[in-house]
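Data block below; observations after.
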There are 2 protein chains.
Amino acid sequence: MPRTYAHPDPEDVKLPRVLFALSDPVRLEMVRILADREAVNSLDLGPGMPKSTVTHHTRILREAGVTNTRPEGRNCWISLRRDVLDVKFPGLVDVVLAAGTDT
Amino acid sequence: MPRTYAHPDPEDVKLPRVLFALSDPVRLEMVRILADREAVNSLDLGPGMPKSTVTHHTRILREAGVTNTRPEGRNCWISLRRDVLDVKFPGLVDVVLAAGTDT
DNA sequence: TTTATTGTTCGATAATTCCCGAACATATTG
DNA sequence: CAATATGTTCGGGAATTATCGAACAATAAA
């Protein structure tokens, strides 16, 4: 599958795009799943979801700068880019994670 | 003009919708304008912008629960619903305002 | 090498969103 | 009442987004 994945440089991670990436319930849930763990296999972010749909959402998160995607074998390890997010938008990830699932 | 405006109850203010409302540069700028002041006349939120476009964006902010709209005469005073936002999503508004205009 | 697994890419469709002009409603002012 | 100012509503057109099946590429395993 994937050879390389383009990630925005930290200076290109913009708030509106990040907020948009987080504004979808599906992607918000993905972020919640990622919060606890170091990295997660991409398809595990959307259990029972069509693969192409998972790809769609993970791509939006990645291109917004919210996540990092590291290919390994035929898997994709996805993680939160907290290093970037916590510097550029301190508290944002915490705020989002603090909100309950149904809020 | 307007007689009444529907505002979501605090328990109906949901994070995805709030984040979506904030994910647009135009609306983000509106929120920045609102941050300092107690209330702002609606059309002052979109200087030089078509009125119907201002209405469009202010409606999305209002229906998401981000702003309050109070009609007075033929004006609309718009304000941030910090009372609700700061309780439901503590830190969110601060995070957004802390980010520079170009980030 | 054949098979199975993981994930992407490519349509296609339905739904949403954005932008704005024109017409309208409401309220103030002359 | 007539004229003006503020903001909404309606309509349409362009652009984006969401969802997903089908075909495909790449890797790992048998």
Side-chain angles (χ1 to χ4, degrees), chain A residues 1-8 14-31 33-34 37 39-79, chain B residues 1-8 14-31 33-34 37 39-79:
Chain A
M1 309 98 263
R3 197 58 115 310
T4 56
Y5 291 92
H7 294 82
K14 304 294 186 184
L15 184 58
R17 199 161 184 183
V18 168
L19 293 178
F20 177 79
L22 298 175
S23 73
D24 183 279
V26 171
R27 295 190 290 266
L28 211 45
E29 179 58 26
M30 288 178 164
V31 169
I33 293 175
L34 287 169
R37 319 187 206 326
V40 174
N41 267 304
S42 63
L43 291 190
D44 290 342
L45 290 178
M49 194 173 290
K51 296 185 296 177
S52 54
T53 300
V54 174
T55 296
H56 169 68
H57 288 295
T58 54
R59 186 161 60 92
I60 286 181
L61 287 170
R62 170 167 36 80
E63 293 181 346
V66 174
T67 55
N68 186 283
T69 300
R70 179 171 57 80
E72 187 188 72
R74 58 189 171 190
N75 295 328
C76 282
W77 293 96
I78 299 185
S79 57
Chain B
M1 55 268 15
R3 197 57 114 311
T4 57
Y5 290 91
H7 294 82
K14 304 294 187 184
L15 184 57
R17 201 161 182 182
V18 168
L19 294 178
F20 178 79
L22 298 175
S23 73
D24 183 279
V26 171
R27 295 191 290 265
L28 212 43
E29 180 57 27
M30 288 177 164
V31 169
I33 293 175
L34 288 169
R37 321 193 202 333
V40 174
N41 268 304
S42 63
L43 292 189
D44 291 341
L45 289 177
M49 196 173 290
K51 295 186 298 179
S52 54
T53 300
V54 174
T55 296
H56 168 68
H57 288 295
T58 54
R59 186 161 61 91
I60 288 180
L61 287 170
R62 170 167 36 82
E63 293 181 347
V66 175
T67 56
N68 186 283
T69 299
R70 180 172 56 81
E72 187 187 72
R74 57 189 170 192
N75 294 329
C76 281
W77 293 97
I78 299 186
S79 58

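In what follows, every heavy atom counts, from backbone to side chain, and hydrogens, waters and symmetry copies are set aside. To find a chain, count down the sequence lines: A is the first, B the second, and so on, and within it residues start at 1.
- When heavy atoms are screened at a 4.0 angstrom cut-off, B:His57 is found touching the sugar-phosphate backbone but no base atom.
- The nearest whole Å value for the distance from the CG atom in A:Leu45 to the C1' atom in C:dG7 is 13 Å.
- Atom P of nucleotide C:dC19 and atom CD1 of B:Ile60 are separated by 9 Å, given to the nearest angstrom.
- Between the P atom of C:dC18 and the CE atom of B:Met49 lies a distance of 12 Å, rounded to the nearest Å.
- Distance A:Leu61 CG to D:dT17 P: 13 Å, rounded to the nearest Å.
- Contact of the A:Met30 side chain with the A:Val54 side chain is registered, since non-hydrogen atoms from C-beta on lie closer than 4.5 Å.
- The side chain of A:Arg74 sits closest to C:dA4 out of C:dG7, C:dA4, D:dT8.
- Of the candidates C:dT17, D:dG7, C:dT8, the closest approach to any side-chain atom of B:Phe20 belongs to C:dT17.
- One can place CD of B:Glu72 at 12 Å from C1' of C:dA27, the figure rounded to the nearest angstrom.
- The backbone N or O of A:Arg62 sits less than 3.5 Å from a side-chain atom of A:Thr67, completing a donor-acceptor pair.
- When rounded to the nearest whole Å, the span between NZ of B:Lys51 and C1' of C:dC20 equals 12 Å.
- Smallest separation of non-hydrogen atoms from B:Met49 and B:Val26: CE-CG1, 4.0 Å.
- Distance A:Asn41 CG to C:dT5 P: 15 Å, rounded to the nearest Å.
- When the C1' atom of D:dG7 is taken as reference, atom CG of B:Asp44 falls 12 Å away, rounded to whole Å.
- Side-chain proximity of B:Pro50 to C:dG7, C:dT17, C:dG21: nearest is C:dG21.
- Taking only side-chain nitrogens and oxygens, B:Tyr5 never comes nearer than 4.0 Å to OP1 or OP2 of D:dG7.
- Distances shorter than 4.0 Å separate none of the side-chain N or O atoms of A:Arg59 from OP1 or OP2 on C:dG7.
- The heavy-atom pair separating B:Pro8 from B:Ala64 by the smallest distance is CG-C, 4.1 Å.
- Put simply, the side chain of A:Ser52 and the base of D:dG21 share a donor and an acceptor less than 3.5 Å apart.
- Under 4.0 angstrom from either OP1 or OP2 of C:dC19 there lies no side-chain N or O belonging to B:His56.
- Geometric assessment of A:Arg27 against the ring of A:Phe20 yields a positive cation-pi assignment under the 6.0 Å and 45° thresholds.
- Using a 4.0 Å heavy-atom criterion, one finds that A:Thr53 contacts the bases of the nucleic acid, with or without backbone contacts as well.
- Within the structure, every side-chain polar atom (N or O) of B:Thr55 is placed at least 4.0 Å from both OP1 and OP2 of D:dG7.
- In this structure, B:Asn75 does not reach the D:dA5 phosphate: none of its side-chain N or O atoms is under 4.0 Å from OP1 or OP2.
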